[in-house]
Amino acid sequence: MSVEYLIPRFDNTLGALLVGFSVSATAFGMLTIQVFTYYKRFPQDKAAYKALAALIWSISFVDQAFIGHSVYFYTITNYLDPLPLETGKPQWTLILQMTLGAVVGAIVKACFTLRVWRFSYRNWWLTGFLFLMVLAQLGTAIVFTVKCFELPTFTSIIALKSLGSLSLGIGVVTDVSIAAALCFHLQKMRSSHPTADSMINTLTIYAVNTGLLTSTVSLSTLVLFDLMPTNFVFICLYFVVSKLYAISFLATLNTRKTIRGRGTDPEGGKAASFSMVTDSMQPSVGMPIQLAVQTIREEILAGCRESKSTATNSTPSYD
């Protein structure tokens, strides 16, 4: 007695893989440009930042290679053979890619959480909660990966629907929480000086845009996974989301000069911190938050007066 299998549709399987691979490859190219720009503009930056940028790019490179391998396996190795989509075990590179994407997201979110820690003047309760959320998503993603290796077919992934939804949901909540925390503490730094408020508004916009983009794509991935867990449409978006995290991190490093007008390259002259808050801005033990905010305002105003003085001295005399 022969067994008949239902041939899967190619639009939401192979087609979704190809679209996701194309968009992900484009995003990886953008990331590579960001990394090149970073090393060119900040040759004297801290070794930790350089290593972190290299680590994120390296993981993203392996991630993109795994995506390419899985697409090659389903489209070329099994050309005119749709049965692996329906009855075969999930390709191992497709499974590990999910974990690599989660690792990149966790690294970037941890860095942004450190910014929350500095802007909130070492609020351990808030940053501790955010770090727990980051670790929770990474942990559930690893468990999801292990469970996927035990699946007999890809369509059996519906049995992991709850676990996958939990991991993606934690990621969305973490993105929104980090962006909200940054915006809240930035608004507390407002002063009456228009230049200082303008800089704070710029930082707020960066925080909102970063969290909005990644959380929107993550939420879309979650919705598609819940609605269509047995095809590759949700994977199409998941291919891209890890690259968006990496791009947001490198973009934050590269725009430090744009935001503060200085960097650690030879043109800047003064060291800039990725947190955008210098050590002198951070309060010492027992210092009230109000005094720290005042220190920030005084430093910003001093920078404004210095800029005006430089502009005045550089103006040619017509006497």
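Position 1 is the first residue of the sequence, and the numbers go up from there.
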With a 4.5 Å heavy-atom cut-off, do [X] and [Y] have their side chains touching?
| X | Y | result |
| --- | --- | --- |
| Val116 | Ile178 | yes |
| Leu126 | Trp117 | no |
| Ser218 | Leu168 | no |
| Phe112 | Thr252 | yes |
| Pro90 | Ile157 | no |

Looking just at side-chain N and O atoms, do Ser24 and Lys243 make a donor-acceptor pair shorter than 3.5 Å?
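A donor-acceptor contact under 3.5 Å links the two side chains.
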Side chains of Ser156 and Thr153: do they bring a donor and an acceptor to under 3.5 Å?
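On atom types as modelled, these side chains qualify, holding a pair under 3.5 Å.
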Tell me whether [Y] is reachable from [X] by hopping between hydrophobic residues (I, L, V, M, F, W, Y) whose side-chain heavy atoms are closer than 4.5 Å.
| X | Y | result |
| --- | --- | --- |
| Leu163 | Val223 | yes |
| Leu250 | Phe61 | yes |
| Leu237 | Leu227 | yes |
| Leu138 | Leu55 | yes |
| Phe184 | Phe119 | no |

Just verifying a value: how many Å separate [X] [atom1] and [Y] [atom2], rounded to the nearest 0.5 Å?
| X | Y | atom1 | atom2 | answer |
| --- | --- | --- | --- | --- |
| Ser215 | Leu222 | OG | CG | 12.0 Å |
| Ile170 | Ser177 | CD1 | OG | 11.5 Å |
| Leu52 | Asp45 | CG | CG | 11.0 Å |
| Cys236 | Leu17 | SG | CG | 8.5 Å |
| Leu160 | Lys147 | CG | NZ | 7.5 Å |
| Arg115 | Leu130 | CZ | CG | 13.0 Å |

N/O donor-acceptor pairs under 3.5 Å from side chains in residues 91-107, not counting sequence neighbours:
{"residue": "Thr93", "atom": "OG1", "partner": "His69", "partner atom": "ND1", "Å": "3.0"}
{"residue": "Gln97", "atom": "NE2", "partner": "Asp63", "partner atom": "OD1", "Å": "3.1"}
{"residue": "Thr99", "atom": "OG1", "partner": "Thr145", "partner atom": "OG1", "Å": "2.3"}

Keeping to residues at least two apart or across chains, list the ring pair (Phe, Tyr, Trp, His ring centres under 6.0 Å) pairs with something in residues 16-39.
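Passing the test, one end in residues 16-39: Phe28-Trp57, Tyr38-Phe42.
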Return each pair, listed once, that meets ring pair (Phe, Tyr, Trp, His ring centres under 6.0 Å) where at least one residue sits in residues 140-169; pairs must be two or more places apart or across chains.
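Pairs touching residues 140-169 that pass the test: Phe154-Phe232.
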Hydrophobic cluster mates of Tyr72, side-chain heavy atoms under 4.5 angstrom, ILVMFWY only, any path?
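Reading the cluster by chain and number, Tyr72 sits alongside Ile76.
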Smallest separation among heavy atoms of Ile247 and Ala27, with atom names:
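Nearest heavy atoms, Ile247 then Ala27: CD1-O, 3.5 Å.
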Please determine whether the number of non-hydrogen atoms from other residues, nucleotides or ligands lying under 6.0 Å from atom NZ of Lys50 exceeds 12.
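It does: Lys50 NZ has more than 12 such atoms within range.
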Would you say CD1 of Ile158 has more than 12 non-hydrogen atoms from neighbouring residues, nucleotides or ligands within 6.0 angstrom?
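No - once you tally the heavy atoms of other residues, nucleotides and ligands closer than 6.0 Å, there are 12 at most.
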Residue pair Ile56, Phe249: steps toward the side-chain contact (heavy atoms from CB on, under 4.5 Å) verdict
CA-CA 9 Å; Ile56 290 177; Phe249 175 78; 3.4 Å; yes
Main chain of Asn254, side chain of Arg41: is a donor-acceptor contact present, judged purely on distance under 3.5 Å?
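Yes, the answer is positive, given that a donor and an acceptor are paired below the 3.5 Å cut-off.
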Spell out, as yes or no, whether a donor-acceptor pair under 3.5 Å connects the side chain of Asp175 to the backbone of Leu212.
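Between the backbone of Leu212 and the side chain of Asp175 there is no qualifying donor-acceptor contact (under 3.5 Å).
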Inter- and intrachain pairs under side-chain hydrogen bond (donor to acceptor under 3.5 Å, both in side chains), touching residues 160-173, at least two apart
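As it turns out, the side-chain hydrogen bond (donor to acceptor under 3.5 Å, both in side chains) pairs with a partner in residues 160-173, which skip direct neighbours, are Thr140-Ser167, Ser165-Asp226.
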Give the C-alpha distance, both sets of side-chain angles, the deciding distance and a yes or no for side-chain contact (heavy atoms from CB on, under 4.5 Å) between Gln137 and Lys109.
CA-CA 11 Å; Gln137 187 198 8; Lys109 290 176 185 179; 2.7 Å; yes
Partners passing side-chain hydrogen bond (donor to acceptor under 3.5 Å, both in side chains) against Tyr74 (at least two apart in sequence or in another chain):
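If we apply the side-chain hydrogen bond (donor to acceptor under 3.5 Å, both in side chains) test to Tyr74, skipping adjacent residues, there are no hits.
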